[in-house]
Amino acid sequence: MRQVTVTEHLLLHQTKSPAATGQFTALLYDLILAAKIISKSVNKAGLLDVLGGTGQVNVQGEHVQKLDEYANRVLIHRMERTGVLCAMASEENADLIRVPERFETGDYILIFDPLDGSSNIDVNINVGTIFSILKRKPGASGSKDVTLGDVLQSGVEQVAAGYFLYGPSTMLVYSSGQGVHGFTLDPSVGEFLLSHPDIRYPEQGRIYSVNESYWHYWDEPTREVVNYFKGPDNPLGKPYSLRYVGSLVADFHRNLFYGGIFMYPMDYRLPEKPQGKLRLMCEASPLAFLAEQAGGRATDGTKRILDIVPGELHQRVPLFIGSAGDVDAVEAIYRRHS
Ligand code: AHM
Ligand code: MG
């Protein structure tokens, strides 16, 4: 059978979508190149002196792993040279990353989590790069002075979103609004080949993914939500299986194929400041875009993730994402309690 490369697939979709331009294809091409470079280093993580933390703490107050920093540097270095971006935002950088004066700019905005699940690197468990692509609103284009206001767009405005999963094989799963497509990196030729066209969630979920050790920090509705999936009184008629890797991108990926729900609810670890952990712009929104494109849903418990307008770059949000029926059930429970 003839193999379709990711570039061929992009070009095909570009002709189908009037909104897509050669610039968009160029952006994805460079992003793919950056991911190949990161993938190579992730594969060698146990061999190189890249394991372990740097001893520094990032803007989220978490310890920075060396490979996170490396992935972040690779992405910024590659992507500021594409000529099609006006700004970037990374989970690892407190502020907006503007494209330096000396490079060409365009209308696209790239938001990314360079290495999601980085606490798993040291133990050789899947990690990934999550990305979200936005476009600067017409009128603002042309000027180099991109503002935070240009970037703080709701997820529904995304032009494309996806992730690279560095696992037994490296995969790219992405959507530009015409379904979700999966590509697997063939290391022998260095190409991503179409391996999973038109990915759709199975109708019936069977897996729930949540860090249940936070039970004591959850409110009553959240406990009821988790009990719903682990008890027999759900449409499956028996407890869902619990699977939790602790790399969002890996947990999301598995549930996309097997059906079910990933949850990172709000909790009261900080009693004075209840919050979820995951970031709206670089984690929840891009995955919500994919989930909806695959026939699933994503909510914060009451609101559709893609409708939330961010107030700040590193805003956190509770996340329930997966098969549509499972996310509906979560919302129904929260609604009953409200
Ligand atoms: P990271 O982006 O710093 O790796 O943090 C996000 C990760 C997610 O991948 C994962 O779902 C979550 O943190 C796990 O958190 P916890 O250890 O609280 O369950
Ligand atoms: Mg992350």
Side-chain angles (χ1 to χ4, degrees), residues 5-41 69-115 128-153 155 157-164 170 172-178 181 183 185 190-192 281-282 285-286 289 310 313:
T5 67
V6 67
T7 320
E8 285 170 334
H9 193 267
L10 287 174
L11 291 170
L12 184 72
H13 275 236
Q14 186 178 307
T15 55
K16 278 193 197 154
S17 163
T21 62
Q23 288 211 341
F24 176 70
T25 309
L27 194 171
L28 276 171
Y29 184 85
D30 280 336
L31 192 59
I32 287 165
L33 183 54
K36 283 183 195 171
I37 295 168
I38 296 168
S39 173
K40 206 174 102 231
S41 296
E69 261 188 7
Y70 173 76
N72 199 37
R73 278 204 311 270
V74 168
L75 280 159
I76 295 171
H77 178 86
R78 272 253 67 83
M79 301 313 295
E80 66 186 5
R81 287 164 170 75
T82 58
V84 303
L85 292 178
C86 56
M88 288 179 272
S90 163
E91 184 188 300
E92 301 293 339
N93 294 58
D95 301 319
L96 209 56
I97 305 161
R98 290 185 172 78
V99 174
E101 288 282 325
R102 62 185 187 281
F103 300 126
E104 291 280 305
T105 56
D107 290 335
Y108 287 101
I109 298 160
L110 176 68
I111 301 174
F112 55 86
D113 179 353
L115 215 56
T129 299
I130 307 175
F131 62 90
S132 160
I133 299 171
L134 294 161
K135 209 166 181 187
R136 211 171 165 197
K137 290 277 187 304
S141 309
S143 152
K144 278 210 169 190
D145 298 330
V146 57
T147 65
L148 193 56
D150 289 325
V151 176
L152 297 178
Q153 301 182 31
E157 310 279 1
Q158 289 171 107
V159 175
Y163 56 83
F164 295 90
T170 294
L172 161 64
V173 175
Y174 103 103
S175 175
S176 57
Q178 298 173 62
H181 309 286
F183 302 82
L185 181 64
E191 279 280 8
F192 280 97
M281 295 199 76
C282 66
S285 270
F289 187 82
L313 215 47

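Computation of the quantities below employed the complete heavy-atom set of this structure, encompassing side-chain atoms and omitting hydrogens, waters and symmetry-equivalent molecules. If you read the sequence from its start, that first residue is 1, and numbering goes on from there.
The residue from Ser132, Ser285, Pro286 that alone fulfils the side chain to side chain contact (heavy atoms under 4.5 Å, CB included) condition with Ile111 is Ser132.
The two residues Gly190 and Lys36 have their closest heavy-atom pair at O-NZ, 2.6 Å. Contact record, Gln158 with Gly155: NE2-O, 2.8 Å, taken as the closest heavy-atom pair. Shown here for Ile109 and Asp150, the closest heavy-atom pair between the two residues is CD1-O, 3.6 Å. In this structure, Ala160 and Ser176 approach most closely via the heavy-atom pair CB-CA, 3.9 Å. Minimum interatomic distance between Met79 and Leu85 (heavy atoms only, all atoms of both residues): O-CD1, 3.4 Å. Heavy atoms only, all atoms of each residue included: Ser41 and Tyr70 are closest at OG-CE2, 3.1 Å.
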With side chain to side chain contact (heavy atoms under 4.5 Å, CB included) as the test, would you mind laying out the steps for Asp107 and Phe24 before giving the verdict?
CA-CA 10 Å; Asp107 290 335; Phe24 176 70; over 6 Å; no

Checking side chain to side chain contact (heavy atoms under 4.5 Å, CB included) for the pair Glu191/Phe183: CA distance, chi angles, key distance, verdict?
CA-CA 9 Å; Glu191 279 280 8; Phe183 302 82; over 6 Å; no

Decide side chain to side chain contact (heavy atoms under 4.5 Å, CB included) for Val6 and Leu28; before the verdict, give the C-alpha distance in whole Å, the side-chain angles of both, and the deciding distance to 0.1 Å.
CA-CA 10 Å; Val6 67; Leu28 276 171; over 6 Å; no

Assess whether side chain to side chain contact (heavy atoms under 4.5 Å, CB included) is satisfied between Leu75 and Leu31, documenting all intermediate values.
CA-CA 7 Å; Leu75 280 159; Leu31 192 59; 3.8 Å; yes

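One distance of note links CZ of Phe289 with CD of Glu157; it measures 11.0 Å at 0.5 Å rounding. For the atom pair OH of Tyr108 and CG of Leu134, the computed distance is 11.0 Å after rounding to the nearest 0.5 Å. Rounding to the nearest 0.5 angstrom, the gap separating the CG atom in Asp113 from the CD atom in Glu91 is 3.5 Å. Taking CZ of Arg102 as the reference point, atom CD of Glu80 lies at 6.0 Å (rounded to 0.5 Å). Here NE2 of His9 is found 10.0 Å from CG of Leu172. Values are rounded to the nearest 0.5 Å. We find the CG-CG distance between Leu96 and Leu313 to be 6.0 Å, quoted to the nearest 0.5 Å.
For Tyr174, there are no ring pair (Phe, Tyr, Trp, His ring centres under 6.0 Å) partners, not counting sequence neighbours.
Below 30°, between 30° and 60°, or above 60°: for Phe164 and Phe131 the angle between ring planes is between 30° and 60°, a tilted geometry.
No donor-acceptor pair closer than 3.5 Å links the side chain of Thr129 to the backbone N or O of Leu115. Side chain of Gln153 to main chain of Lys135: a donor-acceptor pair is present (N/O by atom type, distance under 3.5 Å, no hydrogens or angles).
Between the side chains of Asp30 and Thr82, no donor N or O sits under 3.5 Å from an acceptor N or O.
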